[in-house]
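Chain naming here is simple, since letters A, B, ... match the order of the sequence lines and numbering starts at 1 in each.
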Number of protein chains: 2
Amino acid sequence: MTRPTMEDVALRAGVSRALVSLVMRGSPKVSDLRRSAVLKAAEELGYSPHAMARSLASRTSTVLGVMVSDLHNAFFAEVVDGIDAVAREQGFDIIINTGGRSPSRERRALDSLQSFRPAGLILLSPVVPANAIAKAAEQLPIVLVARSSRVTNVDTVNDDGEQGLGLAVEHLVSLGHKRIAHLDGGEGSQAGPRRRGYLAAMERYGLEPQVVPSEYTDTGGARAIRQLLDAGDLPTALLSCNDFNAVGAISALEDAGLRVPDDVSVVGYDNTSLAALRHVSLTTIDQPRAEFGRLAAEALLQRVRGERTEPVRHLLHPSLVVRSTTAPPGGKQ
Amino acid sequence: MTRPTMEDVALRAGVSRALVSLVMRGSPKVSDLRRSAVLKAAEELGYSPHAMARSLASRTSTVLGVMVSDLHNAFFAEVVDGIDAVAREQGFDIIINTGGRSPSRERRALDSLQSFRPAGLILLSPVVPANAIAKAAEQLPIVLVARSSRVTNVDTVNDDGEQGLGLAVEHLVSLGHKRIAHLDGGEGSQAGPRRRGYLAAMERYGLEPQVVPSEYTDTGGARAIRQLLDAGDLPTALLSCNDFNAVGAISALEDAGLRVPDDVSVVGYDNTSLAALRHVSLTTIDQPRAEFGRLAAEALLQRVRGERTEPVRHLLHPSLVVRSTTAPPGGKQ
DNA sequence: TTGTATGCGTTATCAA
DNA sequence: TTGATAACGCATACAA
């Protein structure tokens, strides 16, 4: 059960440890004969280099740590895909840990990740306080995704939520809607920019804004709708803070005998796999998630290599995905 | 940017490295005075122990590796929650890596995980060939979740898919259904037991089975329904191989002007968060996911501690979750 | 209660 | 091209 070491491989191949080390690192200064002998011995023994020992001895790391705030959310999975692609391409490994949306657990995850002395850290929508991030950033390069920061030694990658809601308003206005409400994400991450984008766009079109307090869940969306119905104050179109909220809102509308999009149009945000389901077919705003991941990894690697010390603030363009939950008001075509 | 070491802490606290080491490991044989001095110095320096160096020196590891075959699937997130709870409780850290459902990428993830020399590995629904698993199992303890194995040095945690489909058939029969078809998962993981459970249950009730080839996706479910419709051969109830498939099937049924559950009842499998959405409200079979994780972590830690060498094969009981997609046939109450 | 060797698996630096 | 030797950061005796 004890794993073989370089020593074992060297012994079996009849060479020195140093030679094995060279072969493992792909050095060109080894004869083909010896190289294949070493490789063969390693294969037979099931040997693979000990990352920790290697990192210790070389004083470098080829590991990037990724903290995913919520593993349950498929949004992050696609970001990780982007990170993974770039990291692998550049010879880095990633290790993932999760914070479960709890600040304390997230802090533990951060410590755990750091205990491996990775070359850098990417935090996906972290909920820990800003000073915890700033402190970590003193020790190693850090990139934030879906969370902003003003600390000068951390890079950020976000989507332009203001623009996203602007697109949504524009879409509804072009369909002929005038009464457009926003189901607000409250304290949720990025809820602020989305709200601001909504308000700004409504003003641009000279329309009266209506912000309904809600949250990033389907039950939250349903609750907001019931409030609107009770108040007898239903608009012709709804802009949800995210897809889950939109789906909950649609359910509540249908429960009340209303039809989407005939009676009310609904737009989500995020373009999760949920929105794409035929059964749901939600008009929504797409964020370029894999691009988030790629840009984050690239920014991090630039820091790791010391190629840059100035912070970068990526603000990506969201895009509108029209599906089946939006139509002209009043069911007219 | 270079992280402090024990040496730095010792220097600042005015003690020896060894003392710092004792404090870090929580040894009781240190005076309170010195302990707090060390802790203070560590805090000020932002020091935390170097996991790799520690593991190297102690010849032990407090890390469990977790390979998640598909980060996009929330199913695994809940399993990870269970693993994480047990691991943390017993003083272990976890590191996660993902295989993206691709055997080659998964193999890379396995190698990467192993390069950290974790105490053990938990593989969630891996798609790598069995011999790759067997080979890895020679080097360290391995537990499989949602995949079976006959290798004697790996433990497995699965749900009893036969029983699960038995429950579903029983439910439909009790509602009065006689024509019950199974949308089969094909080569997918656990599709076999589910199919067998279906066939066995149908036989128990003296009903004619109907297995429709399909797959674990919503488009697969929709396609299967269109086939049935084209053949003019629609049963009164459908048992999907999983929730995604069920949702796709429901969409296709509704597209064809049929109503669920009035015209056709549909049952899913997995009880994903999707099924729980009010908008979907799918009757389905629940697997105790967090329990999967807890049992897997416990099994692994038993091996790690050398408390057990016999393999354990957990087969957990699934349960029926009745929601709104099943009703008596013909819409009668 | 504290300090001092020794070694963990590997890389890096020299000599040979 | 190869083989010794000293780090790397830490834990573990053991001695003081």
Would you please name every residue forming a side-chain hydrogen bond (donor to acceptor under 3.5 Å, both in side chains) with [X], sequence neighbours left out?
X	answer
B:Arg54	none
B:Ser27	none
A:Thr152	none

Qualifying ring-ring contact (aromatic ring centres under 6.0 Å, His included) pairs with a residue from residues 39-60 of chain B, counting only residues at least two apart or across chains: none
Residue pairs fulfilling salt bridge (charged side-chain N to carboxylate O under 4.0 Å, His left out) with at least one residue in residues 108-119 of chain A, sequence neighbours excluded: A:Arg108-B:Asp93
All pairs passing salt bridge (charged side-chain N to carboxylate O under 4.0 Å, His left out) where residues 62-84 of chain B contributes a residue, at least two apart: A:Arg105-B:Asp81, A:Arg105-B:Asp84, B:Glu78-B:Arg289, B:Asp84-B:Arg88
Who passes salt bridge (charged side-chain N to carboxylate O under 4.0 Å, His left out) against [X], sequence neighbours left out?
X	answer
B:Glu291	B:Arg294
A:Arg12	A:Glu44
A:Glu187	none

Short side-chain donor-acceptor distance under 3.5 Å, B:Ser21 and B:Arg17: no
Segment of DNA chain C, first to last nucleotide, that comes within the 4.0 Å heavy-atom reach of chain A: C:dG9 to C:dA12
Between the first and last five pairs of the helix from C:dT1-D:dA16 to C:dA16-D:dT1, the angle of the axes, rounded to 10 degrees: 40°
Contact state string [nucleotides 4-16 of chain D, B base, S sugar-phosphate only, - no protein heavy atom under 4.0 Å]: -B--BBBSB----
